[in-house]
Each structure stands twice: as C-alpha cells, then as structure tokens.
Enquirer: 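Mind looking over this structure? Questions follow.
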Amino acid sequence: MGDRDLVMIPGPTNVDPKVLLSMARPTLAHTSGAFASIFRETLADLGRIFKTGGAVLPLAGTGTLGAEVAFSNIIEPGDKVLVVSGGYFGDRLAEVAVHLGAAVDTLEVPWGSAPVIADVDKKLSSTKYKVMAAVHVDTSTGVANPAKELGELARAKDVLFLLDTVCSMAGMDVQVDAWGINVCFTGSQKALAVPPGMTIVSFDSKAQRVREQRKTLPASYYGDLKRWLPVLADPTKYFATPAVNMMYALHEGCRMVLAEGLEERFRRHARMASAFRAGLRAMGLRLLCDDAVASNTLTVAYYPPGVRDAEFRKSMQEEFGIVVAGELGPLREKAFRVGHMGNVNRSDILATLGAIEGSLSKEGYKFQLGAGTSAANTVLTR
Ligand SMILES: Cc1ncc(COP(=O)(O)O)c(C=O)c1O
C-alpha cells in the first residue's frame, strides 16, 4: 500500500493534489507584488472562512504556536484565565497559559461531555477573569463544545473569549464575530485540508485594543500582533519572512473551501459524520459521546472487549491501507479515533468502515460482517 494509504486520523488529513502542486511553484520574493497579492487574497478568504472582519494572522507553525500567539498577545503575567477543558487539548490550553505566566483555573468537564453553561457562568461569577479559553472540538474526545453559548456568556461577563478551532474551522460552522470570539486560532492540517505548517490566529478589535494597551511586552516576539499589523495592511512590508510555498498551499486550500461553499461543506461534513457513526453503531460499537454533542469532524469509538489497540490499528494500516488514530490520556488503548474532515467523501467513509469490520473481525469480535457499511450506505443514499 505505502503511498496509497488513506489517512483517516484527525489531522493531518488527505490533501488534494491541486494544493500539493501549488506548493511546487517557484518561491517568489516574499515582498514582491506577486506574492503580496496571493497574501492579500488569502487574508480575504480566511476572513470569509473565520466569518470575521478582524485581523487574521497566518503564521508558519502549527496549532500549538497558534495557542501561544493567541494567549501571548492578550495576557500579561499574573492575569487570571479560566480554561474550560474536557480533554487533552483543553488541558493543553491551560498549560500554554501557565507557561506564559497567567494564573489559570481549569473548569474540568468529563471526557465525552460538553460543559454545562450554568456551571461556566457560576465559575465566571466567582472571580474576575480576564480571559475564558476553550476548545471548540477537542480532538481527544470528538465533543463539539457550545462555542456560541460560551461566547454569549463571555460577552455578558465582560471576559475575553479565546477559542481553539484547530479541529473545527472549515468543517463546522464557526462565526468569529457573531459569536464574540475575541481571539480564535486554527491549524492548516485538519478541515482546511492543507498540509501541516500554518497556523492562523484572528483578533477582533477588542483583542487588538488589549494588545495595544498592555503594560508589558508579549512573551512572543515572532507572534506579536503589533509587529504583524503593518504586514497585514500591506504585505510588501517585512517583519519576518512568510513561508511562501506554504502560503501558496493555504491560498489554494482556502479557494477550494470557498468554491465548495461553507454551508455546503458543513452539510457534507455532517452527512459523512452521521453515516460513519451509524456504521459504527450498527457494528455494535459504543461511541464516546452522544450525538447531541458529537462533532462532525471526528468520532471516538470504544473497542469491544478483547480487541487490542495496536493490533487493530496495524491491521487497518497493513491489510487495508487505512490509518486511524489511537486515543490519548485516560482513554489510551481503550478507544480509537477516526477523522472525517477536509476532503472526506463517501468512498472514504465506506472504505474505512469496511476496514474496521475486517480488522475487528480479525481480532475475534463477533458481529454481522457488512452491517456497518450497509448502515452507512443507508444514510449516504438517503
Ligand atoms: C484541538 C487541537 N488543538 C490544538 C492542537 C495542536 O496543534 P498542532 O499539533 O498543529 O500543534 C491540535 C492538534 O491536533 C488539536 O487537535
């Protein structure tokens, strides 16, 4: 199989050859007019995808850098931050904020559940926080957190709202301005379907004012919004060399997202997710989260008793050429994760379910072979 592997992990996702080929073009001078127009178009497209009129900053780096840049512009040492966490990447947000000197409280939500808004409200009422941070879709659980409601709450409590949309942007609706997300970041390698290597961070006018009025310098020099704003206004200006060929890929990726149409893309993701979940359930598998809180970008399923994680995933890859992901933290070896975002189509869903059936069967799990693909097909042909 090798180079024909179908990558069904929750990022990086399968990249269209058009995006890959865009990177093979000659590397333009980063301050040239030709590159500036690519940069400008990409910024405009990212604004449409984020649904924001705020500043959108694409940087060479991954989602983790996005978290650092997001926090480092708006927090100063000792600032109080509340992180609402129900998984590995929520905990990661708290770690980043601590690393940057914030005083962090974490509101822990059980893995597989979404936060109860009244609990968050209570926590926000107990202390004057400067920032509330959350993950939209935590890639360790597949839960889609109620970002809109969290945004409304943050606005009501006059707290800055910082949201990690690494595993949702361009696969599920994210309305940065309408939902009051003051700082939002994502990565290129998930639903945007661009190779890993770019992070994008948006700052609304309130977050920009907070950066402008801070008393101390941001912990990140490279990620200081103030140094990038002149480049965003005129990309022929220099602050740090943009990753020119990665910007080609992001440019092409954004064009493909918008050519499909955001709402159409969200519908496709919803359809693929519901077919996939129907397939897993028809095999008798138990999913980590209820449909009411399930994201459309990935699914987490528990292994039936007796099925071994490493052997199952080895069979998936070696016998079927399909790569799925193991779990993290407390669910390690107890469940597996499948990403269905970006360019995912019906064939990918059916092939993955077929391979899961084969690999579970090889591990000795007894069920009706074909039940999963059949249930998914019923949804997909509806
Ligand atoms: C929700 C979420 N946040 C942050 C990250 C970190 O991003 P990266 O691995 O690109 O640094 C990931 C990575 O999978 C993620 O899924």
Side-chain angles (χ1 to χ4, degrees), residues 7-15 50 57-72 83-100 106 109 111-112 114-115 133-147 150 161-174 176 181 183-202 220 222-223 243 246 249-250 253 269 273 288-289 293-300 323-329 331-332 335-342 344:
V7 180
M8 293 296 284
I9 59 175
T13 59
N14 299 287
V15 180
F50 276 57
L57 174 61
L59 288 175
T62 67
T64 307
L65 178 76
E68 279 189 15
V69 170
F71 272 122
S72 70
V83 175
V84 180
S85 173
Y88 181 91
F89 290 101
D91 292 352
R92 176 71 82 82
L93 273 186
E95 271 179 32
V96 173
V98 166
H99 196 96
L100 295 170
T106 304
V109 179
W111 283 43
V135 182
H136 188 197
V137 172
D138 199 303
T139 321
S140 60
T141 65
V143 169
N145 288 308
L150 288 171
F161 183 34
L162 183 156
L163 190 68
D164 170 340
T165 60
V166 171
C167 199
S168 60
M169 186 63 78
M172 293 175 67
D173 196 20
V174 179
V176 168
I181 309 167
V183 186
C184 180
F185 68 93
T186 195
S188 52
Q189 76 273 25
K190 302 211 183 216
L192 277 168
V194 169
M198 294 299 290
T199 184
I200 305 112
V201 192
S202 74
S220 172
Y222 175 66
M246 273 309 299
L250 187 60
H269 277 77
L288 176 63
C289 45
V293 297
S295 79
N296 291 332
T297 50
L298 84 145
T299 298
V300 180
V323 191
V324 296
E327 251 297 358
L328 303 160
L331 293 179
R332 217 176 120 77
F336 63 101
R337 300 176 300 148
V338 178
H340 32 75
M341 62 185 136
V344 68

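In listed order, ligands and their atoms are each counted from 1. What's counted below: heavy atoms across the whole structure, side chains too, no hydrogens, waters or symmetry copies. By convention here, the first residue in the shown sequence is residue 1.
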Enquirer: For a side-chain contact (heavy atoms from CB on, under 4.5 Å) with F50, tell me which candidate from I181, V201, V174, T186 qualifies.
Expert: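 The single option meeting the side-chain contact (heavy atoms from CB on, under 4.5 Å) with F50 is T186.
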Enquirer: Tell me, please, which residues at least two apart from T141 pass side-chain hydrogen bond (donor to acceptor under 3.5 Å, both in side chains).
Expert: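 Residues passing side-chain hydrogen bond (donor to acceptor under 3.5 Å, both in side chains) with T141: none at all.
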Enquirer: Verify, without hydrogens or angle tests, whether R337 (side chain) and G326 (backbone) share a donor-acceptor contact under 3.5 angstrom.
Expert: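 Yes; judged by distance alone, with no hydrogens or angles, the pair exists.
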Enquirer: Donor-acceptor check, side chain of S295 to backbone of V137, threshold 3.5 angstrom: yes or no?
Expert: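 Answer holds: no.
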Enquirer: Taking only heavy atoms of the protein into account, state which residues are under 4.0 angstrom from an atom of ligand 1, in chain and number order.
Expert: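 Ligand 1 is contacted, at a heavy-atom distance under 4.0 Å, by T62, G63, T64, F89, V135, V137, T139, D164, V166, Q189, K190.
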Enquirer: Okay, side chain of D164, backbone of L93: is any donor-acceptor separation there less than 3.5 Å?
Expert: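 Side chain of D164 to backbone of L93, a donor-acceptor pair under 3.5 Å: no, none is there.
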Enquirer: With respect to I200, which candidate in L57, L250, L59, T165 satisfies the side-chain contact (heavy atoms from CB on, under 4.5 Å) definition?
Expert: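 Going through the options one by one, the only one that passes is L250.
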